[in-house]
Novice: 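What follows is a single structure, and I will ask about it in a moment.
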Amino acid sequence: MRSPLLFLGLVLSLGLAGCSTPPEARLERPALRVVSLDAGDGKLALRYINPNNVPLVVNNSTHVLSLDGQHIGRIKEKEPIGMPPIGEIVHTVALPPEIAKGARDYLAAHPGRVRATVESKLEVLLYDDETVTLKSSGGGTVGEP
């Protein structure tokens, strides 16, 4: 009677040991805040806060910009982003001309401060060219006071 129970316990413990969480699943997504938008110069400044105790290396990213809920455009960026562990960085995104124009037009039609929101998809390099996509979103106010 002990042999089948012992065997079942051994199989169960080995099976559960193989169910550990992979490292990429333990990564928390960075917090995001819009720092500034300079539509004239075509620049969007984003602050990322990495809550992880390991640095994050972002190979490429995609950002969706909205002003007061109005979709302005999607920016695909190949510029790498390095985020220090449990730290923050300000990253400047170059706006394509058509998105910069859309932002300028919107800000001109809506003088004063407006709410800018950004949704980012960050392709994070893990090891040996393995990547994981982390999504982050945040906002801030931009425009003239």
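The structure presented is a predicted model; accordingly, all values stated were derived computationally and were not measured.
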Novice: Distance check, rounded to the nearest 0.5 Å: E119 atom CD versus L65 atom CG?
Specialist: 10.5 Å
Novice: Take L122 and N60 through the side-chain contact (heavy atoms from CB on, under 4.5 Å) test and state the conclusion after the steps.
Specialist: CA-CA 6 Å; L122 308 168; N60 58 64; over 6 Å; no
Novice: Which atom pairs, one a donor and one an acceptor, fall under 3.5 Å between side chains of residues 129-145 and the rest of the protein, sequence neighbours left out?
Specialist:
{"residue": "S136", "atom": "OG", "partner": "P30", "partner atom": "O", "Å": "2.3"}
{"residue": "T141", "atom": "OG1", "partner": "R113", "partner atom": "NH2", "Å": "3.1"}

Novice: Identify all side-chain donor-acceptor contacts of residues 75-98 below 3.5 Å with residues at least two apart in sequence or on another chain.
Specialist:
{"residue": "E77", "atom": "OE1", "partner": "S61", "partner atom": "OG", "Å": "3.2"}
{"residue": "E77", "atom": "OE1", "partner": "H63", "partner atom": "NE2", "Å": "3.2"}
{"residue": "E77", "atom": "OE1", "partner": "H91", "partner atom": "NE2", "Å": "3.1"}
{"residue": "E77", "atom": "OE2", "partner": "H91", "partner atom": "NE2", "Å": "3.1"}
{"residue": "E88", "atom": "OE2", "partner": "R47", "partner atom": "NE", "Å": "3.0"}

Novice: In this structure, would Y127 and V57 fall into the same cluster of hydrophobic residues linked by side-chain contacts under 4.5 Å?
Specialist: no
Novice: Would a distance-only check, ignoring hydrogens and angles, find a side-chain to backbone donor-acceptor pair under 3.5 Å from N59 to L125?
Specialist: no
Novice: Where the side chain of N50 meets the backbone of N52, is there a donor-acceptor pair that is under 3.5 Å apart?
Specialist: yes
Novice: Roughly how far, to the nearest 0.5 Å, is the CG atom of L67 from the NE2 atom of H110?
Specialist: 9.5 Å
Novice: Given 3.5 Å as the limit, does a donor-acceptor pair link the side chain of D38 with the main chain of G40, or not?
Specialist: yes
Novice: How far apart are the C-alpha atoms of L32 and V118, what are their side-chain angles, what is the distance that settles it, and do they pass the side-chain contact (heavy atoms from CB on, under 4.5 Å) test?
Specialist: CA-CA 8 Å; L32 168 63; V118 173; 4.1 Å; yes
Novice: Should V35 and L46 count as side-chain neighbours, where that means a heavy-atom distance under 4.5 Å?
Specialist: no
Novice: Flag yes if more than 12 heavy atoms outside R115 fall under 6.0 Å of its CZ atom; otherwise flag no.
Specialist: yes
Novice: Counting C-beta onward and ignoring hydrogens, is there a side-chain heavy-atom pair between D68 and Y106 closer than 4.5 Å?
Specialist: yes
Novice: Is any side-chain heavy atom of V64 closer than 4.5 Å to a side-chain heavy atom of I72?
Specialist: no
Novice: Taking C-beta and beyond as the side chain, do L27 and L56 meet within less than 4.5 Å on heavy atoms?
Specialist: yes
